[in-house]
> 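This is the structure, below, for whatever I ask next.
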Amino acid sequence: MLIVMDHHCTQEQVREVVRRIEDKGLTANPIPGESRMAIGITGNQGPLDPNDFDQLPGVLEAIPVTRPYKLVSREVKAESTRVKVGKLAVGPPDFIVIAGPCAVENERQCLQAARQVAAAGAQMLRGGAFKPRTSPYSFQGLGRTGLEILRRAGDETGLPVVTEALDEESLGLVVELADVVQIGARNMQNFSLLKRAGRCGKPVFLKRGLSATLEELLMAAEYLAAEGNYDIMLCERGVRSFGQHARNTLDLTVVPAAQEQSHLPMFVDPSHGTGRRDKVAPLARAGLAVGADGLMVEVHPEPHTALSDGPQALFPQQFQELMGTLRLMAPLLGRTMSLPAELTP
Ligand code: PEP
Ligand code: MN
């Protein structure tokens with residue numbers, strides 16, 4: 001159930017509605033909107049009666065929410081969310097590019113990558129310190145040291161940093177040192193991790209599971225929102241399919257579908273989505289064209305030496321060219337992209 005408050009409602013009227021909800025043993029989730037305040041009700045086992053709420057002073061209407069996900073749905077919040085990350089607002093009309101190496105390997109590599117992606121106009125820096133690897137013998141990431149290196153690289157270039165928390169232990173460290181917590185594809189349905197991330201106080205970048213439906217992705221986001229964290233960015237990163245021509249099948253159809261169902265920003269990751277360097281730029285352009293709110297792209301100063309995901313990492317020069325193309329395309333699609341510092345007039 002969604003309680004929509006009148007434009008002119010008072011704080012006391014909002015408090016009274018919240019009290020009524022809580023008296024029934026339910027949870028009230030205030031959702032401030034551009035034009036009016038709404039309060040989402042969660043925690044009910046069966047349907048609620050709108051008559052219990054729509055006569056209260058200051059209430060405009062009480063609307064039953066038909067989707068299984070509620071707080072992240074457009075039914076509950078019609079306008080697109082802009083997630084604040086430092087000085088950035090992620091969401092339309094801005095188009096945000098997050099770039100950097102798959103993994104933080106050492107100080108030199110990370111700083112070099114950070115400078116290269118910043119110079120090309122990326123707005124956020126990525127780099128894994130806790131890596132979910134298929135083989136236990138593959139490079140697992142530098143852990144805390146990697147986070148500290150990433151933090152320094154972010155501070156030096158002025159880019160907010162995004163990095164993955166693999167479990168509850170690494171979540172604490174990521175929250176301490178990063179600006180955005182990434183929940184990876186393999187953890188999309190790790191519900192205890194999602195609950196903790198929902199209480200962590202930092203924005204979350206949530207990647208779609210390897211074989212998750214859109215509904216499952218939105219339910220995972222709902223776990224975060226139900227704990228009070230609305231600062232969520234979703235990301236399509238390719239799903240398992242039968243094709244042998246790419247690492248995964250990048251499901252671009254999910255982008256407009258997610259944006260229809262949810263107010264949250266939706267990203268595309270053409271790097272994990274294709275697994276092949278030569279396919280990254282075409283699918284990145286397609287991501288912008290299909291209406292994504294941003295991209296996550298892997299870039300490495302020397303891809304041939306990369307300790308993880310080298311075959312899909314762009315050379316810095318390729319990334320720079322891609323950014324130039326995206327900046328040309330963006331205005332045609334009604335999107336805004338900021339210029340790198342040295343091109344800013
Ligand atoms: C990543 O972005 O570093 C990553 C491991 O991606 P995914 O969870 O999508 O596989
Ligand atoms: Mn990777």
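For the numbers below, each heavy atom of this structure counts, side chains included, while hydrogens, waters and symmetry mates do not.
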> Please say yes or no: joined through hydrophobic side-chain contacts below 4.5 Å, possibly via intermediate residues, are Met296 and Leu314 part of one cluster?
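Different clusters.
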
> More than 12 heavy atoms of other residues, nucleotides or ligands under 6.0 Å from CD of Gln11: yes or no?
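Counting other residues, nucleotides and ligands, CD of Gln11 stays at 12 neighbours or fewer.
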
> When you compare the side chain of Val297 with that of Pro270, does any pair of heavy atoms fall below 4.5 Å?
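Sidechains of Val297 and Pro270: in contact.
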
> Would you confirm whether Ser73, through its side chain, and Gln261, through its main-chain N or O, come within 3.5 Å as a donor-acceptor pair?
no

> Only one of Asn190, Leu166, Leu194, Ile232 forms a side chain to side chain contact (heavy atoms under 4.5 Å, CB included) with Ile183, so which one is it?
Leu194

> Quick one, Val97 and Phe319 - any side-chain contact, counting heavy atoms below 4.5 Å?
yes

> Give a yes or no on whether the backbone of Gly40 and the side-chain of Asn29 come within a donor-acceptor separation of less than 3.5 Å.
yes

> Can you tell me how far CG of Leu147 sits from CG of Leu142, rounded to the nearest 0.5 angstrom?
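Between atom CG of Leu142 and atom CG of Leu147 there are 9.5 Å.
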
> Between Ser271 and Asp309, does the side-chain hydrogen bond (donor to acceptor under 3.5 Å, both in side chains) criterion hold? Intermediate values first, please.
CA-CA 9 Å; Ser271 304; Asp309 285 349; over 6 Å; no

> Where is the tightest heavy-atom contact between Ser308 and Cys102, given as atom of each residue plus distance?
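Reported closest heavy-atom pair: OG-SG, 3.0 Å.
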
> Any carboxylate oxygen within less than 4.0 angstrom of a Lys/Arg side-chain nitrogen, looking at Arg74 and Glu260?
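No.
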
> Main chain of Leu250, side chain of Asn248: is a donor-acceptor contact present, judged purely on distance under 3.5 Å?
no

> Determine the minimum heavy-atom distance between Ala103 and Gln109, stating which atoms define it.
O-NE2, 2.9 Å

> Which residue in the set Arg237, Arg247, Arg126, Lys207 passes salt bridge (Lys or Arg N to Asp or Glu O under 4.0 Å) when paired with Asp269?
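Answer to the salt bridge (Lys or Arg N to Asp or Glu O under 4.0 Å) test with Asp269 among Arg237, Arg247, Arg126, Lys207: Lys207.
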
> Passes side-chain hydrogen bond (donor to acceptor under 3.5 Å, both in side chains), His263 versus Thr81? Steps please.
CA-CA 6 Å; His263 53 83; Thr81 287; 2.7 Å; yes

> Determine, step by step, whether Lys70 and Glu222 satisfy the salt bridge (Lys or Arg N to Asp or Glu O under 4.0 Å) criterion, reporting the C-alpha distance in whole Å, the side-chain angles of both residues, the deciding distance to 0.1 Å, and the verdict.
CA-CA 7 Å; Lys70 305 197 183 291; Glu222 186 77 14; over 6 Å; no

> Within this structure, what is the CG-CG distance for the pair Asn44 and Asp49, rounded to the nearest 0.5 Å?
12.0 Å

> Any sub-3.5 Å donor-acceptor pair from Glu79's side-chain atoms to Lys77's backbone N or O?
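Between the backbone of Lys77 and the side chain of Glu79 there is no qualifying donor-acceptor contact (under 3.5 Å).
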
> Kindly indicate whether the side chain of Leu218, heavy atoms from C-beta on, has any atom under 4.5 Å from the side chain of Ser262.
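When only atoms from C-beta onward are counted, Ser262 and Leu218 do touch, with a gap below 4.5 Å.
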
> Is it the case that over 12 heavy atoms from other parts of the model lie below 6.0 angstrom from the CZ atom of Arg20?
no

> Do Arg115 and Glu156 sit within salt-bridge range, that is, some charged N less than 4.0 Å from a carboxylate O?
yes

> With a 4.5 Å cut-off on side-chain heavy atoms, are Leu206 and Leu224 touching?
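Touching, per the 4.5 Å side-chain cut-off.
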
> Kindly compute the distance separating CG (Leu56) from CD1 (Ile3), expressed to the nearest 0.5 Å.
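That separation rounds to 7.5 Å.
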
> Take Leu295 and Phe95 through the side-chain contact (heavy atoms from CB on, under 4.5 Å) test and state the conclusion after the steps.
CA-CA 8 Å; Leu295 299 174; Phe95 186 77; 3.5 Å; yes

> Give a yes or no on whether Val180 and Val83 share a hydrophobic cluster (residues Ile, Leu, Val, Met, Phe, Trp, Tyr; joining criterion: side-chain heavy atoms under 4.5 Å apart).
yes

> Is the number of heavy atoms from other residues, nucleotides or ligands within 6.0 Å of NZ (Lys195) greater than 12?
no

> Rounded to the nearest 0.5 Å, what's the gap from CG on Leu111 to CD1 on Ile149? Could you check?
9.5 Å

> When you measure from the side chain of Arg208 to the backbone of Ala212, do you find a donor-acceptor pair of N or O atoms at a distance under 3.5 Å?
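Confirmed, Arg208 side chain pairs with Ala212 backbone.
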
> Do Leu159 and Met124 have side chains that get closer than 4.5 Å, going by heavy atoms?
no

> May I ask you to test the Val14-Ile39 pair for a side-chain heavy-atom distance under 4.5 Å?
yes

> Decide yes or no on side-chain contact (heavy atoms from CB on, under 4.5 Å) for Val255 and Thr253, but give the supporting numbers first.
CA-CA 5 Å; Val255 174; Thr253 315; over 6 Å; no

> Is any side-chain heavy atom of Val17 closer than 4.5 Å to a side-chain heavy atom of Val59?
yes

> Does this structure show an ion pair linking Glu227 with Arg199, if we count only N-O contacts that are shorter than 4.0 Å?
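Looking at Arg199 together with Glu227, the answer is yes, because their closest N to O distance falls below 4.0 Å.
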
> Taking all atoms of both residues into account, what is the closest heavy-atom pair of Pro101 and Ala113, and its distance?
CD-CB, 3.7 Å

> For residues Ile98 and Leu150: do they belong to one hydrophobic cluster (side chain heavy atoms under 4.5 Å, members Ile, Leu, Val, Met, Phe, Trp, Tyr)?
no

> Would you mind checking if Asp52 and Lys24 are paired as a salt bridge, meaning a charged N to carboxylate O distance below 4.0 Å?
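Asp52 and Lys24: salt-bridged.
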
> Applying side-chain contact (heavy atoms from CB on, under 4.5 Å) to Leu60 and Arg36, what does each step give before you reach the verdict?
CA-CA 10 Å; Leu60 186 69; Arg36 51 165 60 100; 3.6 Å; yes

> To the nearest 0.5 Å, tell me how far Leu234 CG sits from Met188 CE.
10.0 Å

> If you group Ile, Leu, Val, Met, Phe, Trp and Tyr by side-chain heavy-atom gaps below 4.5 Å, do Val268 and Val254 land in one group?
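Result: yes, single cluster for both.
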
> I'd like to know if the side chain of Arg327 reaches the main chain of Gly121, judged simply by a donor and an acceptor atom lying under 3.5 Å from each other, with no hydrogens or angles considered.
no

> Give me the one residue out of Ile96, Leu264, Asp293, Asp231 that meets side chain to side chain contact (heavy atoms under 4.5 Å, CB included) with Val90.
Ile96

> Work out which heavy atom in Ala129 is nearest to a heavy atom in Thr163; give both atom names and the distance.
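Scanning both residues completely, I find the closest heavy atoms to be N-OG1, 3.6 Å.
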
> Salt bridge between Arg151 and Glu176, side-chain N to carboxylate O under 4.0 Å?
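Glu176 and Arg151: not salt-bridged.
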
> Begin with the C-alpha distance, continue with both residues' side-chain angles, and end with the deciding distance and a verdict on side-chain hydrogen bond (donor to acceptor under 3.5 Å, both in side chains) for Thr274 and Gln312.
CA-CA 8 Å; Thr274 62; Gln312 71 194 31; over 6 Å; no

> Minimum heavy-atom separation for Met266 and Cys235, please, with both atom names.
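Reported closest heavy-atom pair: CE-C, 4.3 Å.
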
> Looking at CG of Leu193 and CD of Glu169, how far apart are the two atoms once the value is rounded to the nearest 0.5 Å?
12.0 Å

> Determine, for Glu22 against Arg19, whether the closest basic-nitrogen to carboxylate-oxygen distance falls under 4.0 angstrom.
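Here Glu22 does not pair with Arg19 in a salt bridge, since their nearest N and O are not under 4.0 Å apart.
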
> Yes or no on side-chain contact (heavy atoms from CB on, under 4.5 Å) for Leu333 and Leu288, after CA distance, side-chain angles and deciding distance?
CA-CA 8 Å; Leu333 295 153; Leu288 169 59; 3.7 Å; yes

> Is Glu148 reaching over with its side chain to a backbone N or O of Thr145, donor-acceptor style, under 3.5 angstrom?
no

> Same cluster or not: are Ile31 and Met5 linked, directly or through other Ile, Leu, Val, Met, Phe, Trp or Tyr residues, by side-chain heavy atoms under 4.5 angstrom apart?
no

> Please report the closest heavy-atom contact between Ala165 and Val181, naming both atoms and the distance.
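Smallest heavy-atom distance, with atoms named: CB-CG1, 4.0 Å.
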
> Any pair with a residue in residues 267-316 that passes ring pair (Phe, Tyr, Trp, His ring centres under 6.0 Å), sequence neighbours left out, goes on the list, sorted by first then second residue, please.
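For residues 267-316: Phe205-Phe267, His304-Phe315.
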
> May I ask you to say whether Arg152 pairs ionically with Glu107, meaning some side-chain N is under 4.0 Å from a carboxylate O?
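Glu107 and Arg152: salt-bridged.
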
